[in-house]
Novice: 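My questions will all concern the structure given below.
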Amino acid sequence: MGYYELFAQKIPVKDFSLRHTVESAQPLAFYSKYDALSNTLTYPTFTQIINVAFKGDEKKGELVGVGRHGGIDSELRRRFRLGDKMSYIYKKINTDRFIGAAIKRFYGMRLTLNDPWEATLCFVVSQNNNVKRIRSIVLKLIDRFGQPIKDDNDKIVAKAFPTSQDIASASIEELKECGAGFRAEYIKEAAEFFASNLGNVNGDYYELKEALMSVKGIGDKVADCIALMGFGKLEAFPIDTWAKRVLEHAYFNGRSKSIEALHDFTLERWGKYAGYAQQYLFWYGRQEKDWYNEKLGK
DNA sequence: ACCCAGGCGGGCG
DNA sequence: CGCCCGCATGGG
């Protein structure tokens with residue numbers, strides 16, 4: 001039988017851009033397949049391949065998700081944070097012309113909420129790395145360690161996203177063969193952390209961040225990325241070199257500030273929506289290099 | 001050839 | 001004790 005049933009879900013959405021969400025260096029940018037022309041997306045979860053299509057514009061549209069198993073509706077609502085009321089969040093974070101320009105430029109961009117372990121693997125791989133190579137490494141890890149996904153004829157058509165157990169049972173050598181380099185041992189440590197009951201971390205943002213940073217290979221920035229995009233702690237403001245530069249040039253006249261001082265600043269200014277402010281400022285700084293260079297006076 | 005990307009840990013002040 | 005700097009890796 002070549003016939004098999006598909007589960008489909010249609011969800012009306014407001015203030016939503018699939019493109020900006022998927023392209024903005026969040027976990028989906030590291031392993032999904034996105035086509036800007038048709039505005040369609042394909043990515044593996046732990047159990048199935050999800051196909052997503054968006055129709056409409058950034059103000060109002062419809063998201064269609066298709067997969068072979070159920071749970072599509074909750075997967076999409078969680079992954080793309082469809083419960084977030086963007087008009088309210090924009091009001092909260094739009095404190096100045098810098099964020100204002102970023103919101104205008106990337107209107108509808110959402111934070112994503114990914115599985116905690118999945119976010120951890122992606123961001124541990126991301127350290128000291130660029131998107132292209134992060135993608136190459138994560139895709140190899142999926143292909144090598146993800147569970148096979150089969151069609152009705154028992155033919156393997158794809159691989160699932162590897163679980164923490166899948167990766168914890170890999171050797172450092174095998175992880176290095178995927179291009180992970182010196183990150184291989186960090187990946188292994190993180191996988192063991194999540195595969196054991198230690199991975200059942202909870203509590204508030206600060207307790208969570210401390211627990212994450214107890215893992216060798218997870219520092220301040222990666223912990224904030226995981227807190228934000230793996231656990232939905234919206235007050236987390238990951239500070240990489242771009243976020244640091246943008247903050248210093250937009251709010252401190254280009255003066256160098258410590259990471260700690262910048263964390264204090266973002267929490268004071270944007271409070272529990274700091275993570276959204278970060279996503280817009282960070283992506284604006286990276287994409288709009290002309291703006292950034294002008295600000296630098298170069 | 002050289003620059004870039006977070007985190008770790010050794011060593012210096 | 002806290003900060004800085006060299007190191008790990010590979011692509012542009």
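Chain naming here is simple, since letters A, B, ... match the order of the sequence lines and numbering starts at 1 in each. Nothing here was measured: the structure is a model prediction, and the numbers come from that model. Reckoned from all heavy atoms, side chains included, excluding hydrogens, waters and symmetry mates.
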Novice: Scan every strand shown for a Watson-Crick or G-U wobble partner of dG6(B), both distances under 3.5 Å, and answer none if you come up empty.
Specialist: none

Novice: Check whether any side-chain N or O of Arg245(A) sits under 4.0 Å from OP1 or OP2 of dA5(B), and answer yes or no.
Specialist: yes

Novice: Which nucleotide in the list dT9(C), dG7(B), dA5(B) gets nearest to the side chain of Trp242(A)?
Specialist: dA5(B)

Novice: For the residue pair Tyr251(A) and Phe98(A), categorise the inter-ring angle as parallel (less than 30°), tilted (30 to 60°) or perpendicular (more than 60°).
Specialist: perpendicular

Novice: Indicate yes or no: does Asp240(A) engage Lys244(A) in a salt bridge with an N to O separation below 4.0 Å.
Specialist: no

Novice: Check Glu58(A) with Arg19(A), please: is the shortest side-chain N to carboxylate O separation under 4.0 Å?
Specialist: no

Novice: For the P atoms, the ones on dG6(B) and on dG2(C), what distance do you get once it is rounded to whole angstrom?
Specialist: 25 Å

Novice: Nearest whole Å is fine: how far is dG10(C) P from Arg183(A) CZ?
Specialist: 8 Å

Novice: At 4.0 Å (heavy atoms only), tell me whether Val215(A) reaches a base, stays on the sugar-phosphate, or touches nothing.
Specialist: sugar-phosphate

Novice: How far, in whole Å, is dG11(B) from dA8(C) if one measures between their P atoms?
Specialist: 15 Å

Novice: Rounded to whole Å, please give me the gap between CG in Leu139(A) and C1' in dG11(C).
Specialist: 16 Å

Novice: Atom NZ of Lys216(A) and atom C1' of dG6(B): how far apart are they, to the nearest Å?
Specialist: 15 Å

Novice: Hey, which of these two, Met213(A) or Thr241(A), hits DNA chain B nearer its 5' end, going by closest nucleotide?
Specialist: Thr241(A)

Novice: Atom CD in Glu260(A), atom CG in Asp220(A): separation rounded to 0.5 Å?
Specialist: 9.5 Å

Novice: Starting at atom CG of Asn130(A), determine the distance to atom P of dA5(B), rounded to an integer number of angstrom.
Specialist: 10 Å

Novice: Specify the separation, in whole Å, of atom CG of Asn128(A) and atom C1' of dG10(C).
Specialist: 10 Å

Novice: If you compare every side-chain N and O of Lys132(A) against the phosphate oxygens of dG12(C) (OP1, OP2), does one of them come in below 4.0 Å?
Specialist: yes

Novice: Return the value, rounded to whole Å, for the distance between atom CD1 of Ile218(A) and atom P of dG6(B).
Specialist: 15 Å

Novice: Rounding to a whole Å, what distance do you find between Ile134(A):CD1 and dA5(B):C1'?
Specialist: 8 Å

Novice: Can you tell me how far C1' of dA5(B) sits from NZ of Lys221(A), to the nearest Å?
Specialist: 9 Å

Novice: To the side chain of Asp220(A), which of dG7(B), dA5(B), dG10(C) is closest?
Specialist: dG7(B)

Novice: Aromatic rings Phe231(A) and Phe194(A): how do their planes relate, parallel, tilted or perpendicular, breaks at 30° and 60°?
Specialist: tilted

Novice: Roughly how far apart, to the nearest Å, are dA5(B) and dC3(C) at atom P?
Specialist: 22 Å

